[in-house]
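Single-structure report; data block below.
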There are 2 protein chains.
Amino acid sequence: MARKQGSHSEITGPRVREAAQRLIARHGYAAVSMRQIAAEVGVQAGALYLYTPDKQTMLFDLMKDHLTELLAAWDEVVLPEGAIPRLEAFVRFHIRFHLARPEAVVIAYMEMRNLEPENHRAIEALRHGYEDRLEKILIEGQGAGDFQIPDTRLAAMALLSMLNGIPGWFREDGRLSRGRVERIYWNMIRRAVGA
Amino acid sequence: MARKQGSHSEITGPRVREAAQRLIARHGYAAVSMRQIAAEVGVQAGALYLYTPDKQTMLFDLMKDHLTELLAAWDEVVLPEGAIPRLEAFVRFHIRFHLARPEAVVIAYMEMRNLEPENHRAIEALRHGYEDRLEKILIEGQGAGDFQIPDTRLAAMALLSMLNGIPGWFREDGRLSRGRVERIYWNMIRRAVGA
DNA sequence: GCTTTCGCTGAACGTCTGTTCAGATAGATT
DNA sequence: AATCTATCTGAACAGACGTTCAGCGAAAGC
């Protein structure tokens with residue numbers, strides 16, 4: 001027994017990625033074995049190494065791709081004029097983007113400590129870039145007198161913490177719709193920054 | 001070689017606990033082995049089983065004790081009158097308590113998924129109790145017209161997410177003092193709830 | 001000083017880990 | 001029809017895992 005019926009790398013590749021993402025999001029990187037991921041795909045463990053050089057790279061690629069997509073998506077948003085509308089755009093964008101990818105989000109914020117030093121630095125730089133994009137809006141609004149925030153960096157971290165909590169409790173079939181969550185969050189954040 | 005000079009369970013016990021807390025906070029439960037914990041204490045792996053029935057119980061006890069202390073400490077706070085001062089008391093209490101125990105906090109919020117079902121339920125119940133105590137203040141203030149929050153549960157989750165982010169970036173020797181962080185956070189939260 | 005108890009060692013257990021690789025087979029190419 | 005190549009198996013590797021336990025030496029109780 002070897003190559004299976006209709007097996008293709010364009011099919012198995014994404015399936016490996018999805019299985020890894022699902023399992024790591026649920027149980028954590030260190031708790032998931034290559035054999036578990038392989039079983040989820042319906043393949044032997046050795047076959048995974050046709051799609052990744054090793055387990056660590058698998059994690060790194062998941063995180064890197066997520067953050068790269070996040071930055072690219074934000075940079076494509078057409079920004080309105082004024083810091084307040086821009087902050088609103090950021091908040092709504094962030095909530096939508098993250099609620100659409102709960103597994104990637106969990107991994108990006110829980111598995112930092114399982115990255116080897118070099119990978120850790122690379123991912124941290126990407127994340128830092130995203131924080132900077134939010135802080136830029138806050139600095140802008142602070143300069144224009146739209147916001148009252150004594151420390152824009154702290155405010156950026158606080159707002160992101162608040163936003164990042166959402167995928168932790170939001171349920172698609174729960175009490176609140178995505179739109180309602182967006183609206184309530186924007187209201188809280190608008191007031192929090194003094195706008 | 002067996003029992004060492006001056007060795008006592010009252011000394012080794014806490015040392016095991018501290019080593020486990022430190023290592024699990026840093027690397028994660030699944031990534032830390034009993035042999036690593038033992039090495040940190042300066043003992044063989046087998047000796048750990050004089051202080052815990054197994055690794056899972058070790059994690060459970062760390063989380064349970066942390067949350068139990070948290071609830072007990074909050075319940076001993078003498079609450080002022082009025083929802084706004086009470087919310088301020090909560091915010092300042094929360095920041096102080098958590099900044100004093102960064103390792104316990106990281107574990108309590110990252111290792112839920114490594115708890116076996118029964119333990120998971122127990123810890124979730126404790127955490128739920130803490131969320132309820134915050135929501136109680138929000139409901140109180142909403143009823144009195146002090147706050148403008150359309151959904152007290154969502155607001156409670158949002159505020160806790162925001163607060164729980166602090167130990168992730170706060171540095172004792174950093175740009176901002178604890179007192180300043182407390183003040184800025186309270187200001188943001190006060191405005192966020194419309195007070 | 002003798003005995004009991006406590007705290008720990010060091011080896012062993014069966015199982016699982018990430019990773020490698022020769023060999024096998026299905027599908028594509030000629 | 002014959003050849004080639006991409007995809008996967010199944011076994012093997014050395015080492016690490018959580019946990020158990022007989023035995024031993026130091027401390028405590030008498």
Side-chain angles (χ1 to χ4, degrees), chain A residues 1-21 23-24 26-63 107 111 113-119, chain B residues 1-21 23-24 26-63 107 111 113-119:
Chain A
M1 234 173 294
R3 185 171 186 173
K4 289 191 187 168
Q5 265 200 345
S7 63
H8 289 296
S9 114
E10 315 105 56
I11 292 176
T12 310
R15 298 227 307 140
V16 167
R17 192 197 161 79
E18 286 156 24
Q21 186 166 71
L23 287 173
I24 294 175
R26 183 129 52 210
H27 306 292
Y29 172 76
V32 171
S33 73
M34 294 300 263
R35 273 171 249 263
Q36 283 175 57
I37 296 171
E40 187 94 348
V41 178
V43 108
Q44 292 296 319
L48 296 182
Y49 291 84
L50 293 169
Y51 304 97
T52 186
D54 49 46
K55 195 190 178 192
Q56 168 72 200
T57 304
M58 214 165 187
L59 174 63
F60 176 65
D61 285 342
L62 284 172
M63 297 176 78
I107 293 174
E111 304 297 349
R113 61 186 173 184
N114 287 308
L115 289 172
E116 284 160 13
E118 195 182 344
N119 293 338
Chain B
M1 233 176 295
R3 187 173 186 173
K4 289 190 186 168
Q5 263 201 344
S7 63
H8 290 296
S9 112
E10 315 104 57
I11 293 176
T12 310
R15 297 228 305 141
V16 167
R17 192 196 161 78
E18 285 156 24
Q21 186 165 73
L23 288 173
I24 293 175
R26 183 128 53 206
H27 306 291
Y29 172 76
V32 171
S33 72
M34 295 300 264
R35 275 171 247 262
Q36 282 176 58
I37 297 170
E40 187 94 348
V41 179
V43 107
Q44 293 295 319
L48 296 182
Y49 292 84
L50 292 169
Y51 304 97
T52 184
D54 49 47
K55 195 189 177 194
Q56 168 72 202
T57 305
M58 215 166 186
L59 175 62
F60 176 65
D61 284 343
L62 283 173
M63 297 176 78
I107 294 174
E111 304 296 349
R113 60 186 175 184
N114 288 308
L115 289 173
E116 285 161 11
E118 194 182 346
N119 292 339

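Below, chain A is the first sequence line, B the second, and so on; all start at residue 1.
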Nucleic acid contacts of residues 53-60 of chain B, taken as heavy-atom distances under 4.0 Å to DNA chain C: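 Within this stretch, nothing sits under 4.0 Å of the strand.
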Under 4.0 angstrom between A/Y51 side-chain N/O and D/dC8 OP1 or OP2: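 Yes, within the criterion.
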N or O in side chain of B/T12 less than 4.0 angstrom from C/dG7 OP1/OP2: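 Result: no.
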Length of the line joining [X]:[atom1] and [N]:[atom2], which is rounded to integer Å:
X: B/M34; N: D/dG15; atom1: CE; atom2: P; result: 24 Å
X: A/L48; N: D/dT7; atom1: CG; atom2: P; result: 14 Å
X: B/Q36; N: D/dG18; atom1: CD; atom2: P; result: 8 Å
X: B/I11; N: D/dA27; atom1: CD1; atom2: P; result: 12 Å
X: B/L23; N: D/dC17; atom1: CG; atom2: P; result: 12 Å
X: B/Y29; N: D/dC17; atom1: OH; atom2: P; result: 13 Å
X: A/Q44; N: D/dT9; atom1: CD; atom2: P; result: 5 Å

Angle by which the axis turns from one end of the helix from C/dG1-D/dC30 to C/dT30-D/dA1 to the other, five pairs per end, to 10 degrees: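 Axis-to-axis angle, ends of the helix: 10°.
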CD1-NZ distance between B/I24 and B/K55, expressed to the nearest 0.5 angstrom: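 Separation between the atoms: 7.0 Å.
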Separation between CZ of B/R15 and CD1 of B/I37, rounded to the nearest 0.5 Å: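 It comes to 13.5 Å.
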Position toward the 5' end of DNA chain D (nearest nucleotide), A/L50 or A/R35: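 Of the two residues, A/L50 wins.
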Sugar-phosphate, base or nothing in reach of B/V41, heavy atoms under 4.0 Å: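 Contact class for B/V41: none.
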Close side-chain approach of [X] to [Y], heavy-atom, < 4.5 Å:
X: A/I107; Y: A/L59; value: yes
X: B/Y29; Y: B/M58; value: no
X: B/N114; Y: B/Q56; value: no
X: A/V16; Y: A/T52; value: no

Counting side-chain heavy atoms from CB outward, which of [options] is closest to [X]?
X: A/V43; options: C/dC8, D/dC8, C/dA12; value: D/dC8
X: B/S33; options: D/dG18, D/dC8, C/dG18; value: D/dG18
X: A/Y49; options: D/dT19, C/dG18, C/dC8; value: C/dG18

Results of side chain to side chain donor-acceptor pair (under 3.5 Å) for B/E116 - residues two or more places apart only: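 For B/E116 there are no side chain to side chain donor-acceptor pair (under 3.5 Å) partners, ignoring immediate neighbours.
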B/R113 vs A/E111, salt bridge (Lys or Arg N to Asp or Glu O under 4.0 Å): CA-CA, chis, key distance, verdict: CA-CA 13 Å; B/R113 60 186 175 184; A/E111 304 297 349; 2.8 Å; yes
5' precedence on DNA chain C between A/A31 and A/A47 (nearest-nucleotide basis):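 With A/A31 and A/A47 compared, the 5'-side residue is A/A31.
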Side chain to side chain contact (heavy atoms under 4.5 Å, CB included) evaluation trace for A/Y51 with A/R17: CA-CA 9 Å; A/Y51 304 97; A/R17 192 197 161 79; over 6 Å; no
Closest contact, heavy atoms only, A/A19 versus A/V41: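 Minimum heavy-atom separation between A/A19 and A/V41: CB-CG2, 3.7 Å.
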